[in-house]
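Below, chains carry the letters A, B, ... as their sequence lines are ordered, and counting in each starts from 1. Since this is a predicted model, take the numbers as computed values, not measurements. Reckoned from all heavy atoms, side chains included, excluding hydrogens, waters and symmetry mates.
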Amino acid sequence: MRRGLARWVEGRTIASVEVLHARAVRRHIAGAADLAARLRGQTFGTAARRGKYLWLPLREDAGQRGLEGEAVVLHLGMSGQLLVQPATRDDEKHVRVRITFADGGRELRFVDQRTFGGMALETLDADGVPESVAHIAFDPFDDRFDVSDFARRLRARRTGLKRALLDQTLVSGIGNIYADEALWGARLHYARATEGITAAEADRVIEHARAVMAAALAQGGTSFDSLYVNVNGESGWFERSLEVYGRAGEPCRRCGSLVRRESFMNRSSYFCPICQRHPRHPRW
DNA sequence: CGGAGCTCCTGGGGGC
DNA sequence: TGCCCCCAGGAGCTCC
């Protein structure tokens, strides 16, 4: 998504911002009208990302002074999409925010069925990070991600391994699917107590998380280029590549035993009961 | 403070 | 067909 924004909206100047659903901009405390007024005439800089958070800094334009040190922060939540569409194209059912550009080209649409995601205009700190992203850990693709630091902080926790993997302040970018896939790859049960995770195990689960996310990116990362058609996250990659997620009752591709689904944290966890042995002292 | 449960939404799909 | 229930790739908030 970040690459798509870099290609399609970087350097373009905003003509108008239309908020069609106030909830989509609820994190912008000053409100929808303020967001629209302050963005008009601003130019997008280079898209940046940390974990699942994405932001577009505003930059100086040739003709006009920019809102230096501010950025449009985006989070897609569970059902958000960013689409670049010709203005003549019919609206998707759940368009929440529309941004048009002074060049008259394609518009940017924030589409979100469940409105768990949203966007806001925020100030950047000295490191160029938006305030709402400052508490988010580096993701495993970031050069600054330090796996030994992750292992140390993981072991200081008193909780279950999967819960920790989903905690974006420990490591970011890992969601429910990637957590299950990484745990399967590392042969670790989701209820392993964090304090008992060895450095080698922490390293293993991060390496598998990185691998599965890289594979997903390779297959789904081009979706932004086909924005002319409605993009959904469920392109090919789902059916072909998942080892355990959504495969309850199907054989584990490593050992053949049946993948199990358990309810946990009000969501589903999928795992192989043989490859991922149940811990003696589980933590949930 | 760290940890855990609740909650915000809309819609698809299955069972009856 | 209609209704009800469960499920869905997230994370901030509030309680303990």
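- Checked against B:dT10, B:dC9, C:dG10, the side chain of A:Q113 finds its nearest nucleotide in B:dT10.
- C:dA11 and B:dG12 have their P atoms separated by 24 Å, with the value rounded to a whole Å.
- Sequence order on DNA chain B of the closest nucleotides to A:R26 and A:D167 puts A:D167 first from the 5' end.
- Comparing C:dA8, B:dA4, C:dG10 by their closest approach to the side chain of A:F116 singles out C:dG10.
- Of the candidate nucleotides C:dG10, B:dG11, C:dC13, C:dC13 has the atom lying nearest to any side-chain atom of A:R27.
- Nearest-nucleotide positions on DNA chain C for A:S263 and A:R267 put A:S263 closer to the 5' end.
- Here A:Y53 reaches the OP1 or OP2 of C:dG12: one of its side-chain N or O atoms lies under 4.0 Å away.
- The nearest heavy atom of DNA chain B to A:G160 and to A:R96 marks one nucleotide each, and the one closer to the 5' end goes with A:G160.
- Taking only side-chain nitrogens and oxygens, A:R157 never comes nearer than 4.0 Å to OP1 or OP2 of B:dG2.
- Side-chain N/O atoms of A:S79 include none lying less than 4.0 angstrom from OP1 or OP2 on B:dC9.
- A sub-4.0 Å separation between OP1 or OP2 of C:dG12 and a side-chain N or O of A:H135 is present.
- You'll find that the side chain of A:S268 is closest to C:dA8, out of B:dT10, C:dA11, C:dA8.
- The separation of B:dC6 from C:dC6, taken at their P atoms, amounts to 15 Å, rounded to a whole angstrom.
- Under the 4.0 Å criterion applied to side-chain N and carboxylate O atoms, A:R12 and A:E10 are not assigned as salt-bridge partners.
- Taking the centre and axis of the six-membered ring of A:W55, the NZ or CZ atom of A:R2 falls outside the cone set by 45° and 6.0 Å.
- Of the candidate nucleotides B:dA4, B:dG3, B:dC9, B:dC9 has the atom nearest to the side chain of A:R23.
- Contacts of A:H21 with the nucleic acid, taken as non-hydrogen atoms under 4.0 Å apart, are absent.
- Residues A:R261 and A:L166 both approach DNA chain C. Their nearest nucleotides, taken by heavy-atom distance, put A:R261 toward the 5′ side.
- Scanning atom types as modelled, no donor and acceptor separated by under 3.5 angstrom connect the side chain of A:R163 and the base of B:dA4.
- Pairing of B:dC9, defined by two Watson-Crick or G-U wobble distances under 3.5 Å, is not identified with any nucleotide.
- There is a path of hydrophobic side-chain contacts, each under 4.5 Å, that joins A:I174 to A:I197.
- Enclosure of atom CG in A:D90 is not indicated, since only 12 or fewer non-hydrogen atoms of other residues, nucleotides or ligands lie within 6.0 angstrom.
- In this structure, the nucleotide among B:dT7, C:dG12, C:dA11 sitting nearest to the side chain of A:H75 is C:dA11.
- Geometrically, A:R96 does not engage A:F110 in a cation-pi contact defined by less than 6.0 Å to the ring centre and at most 45° from the axis.
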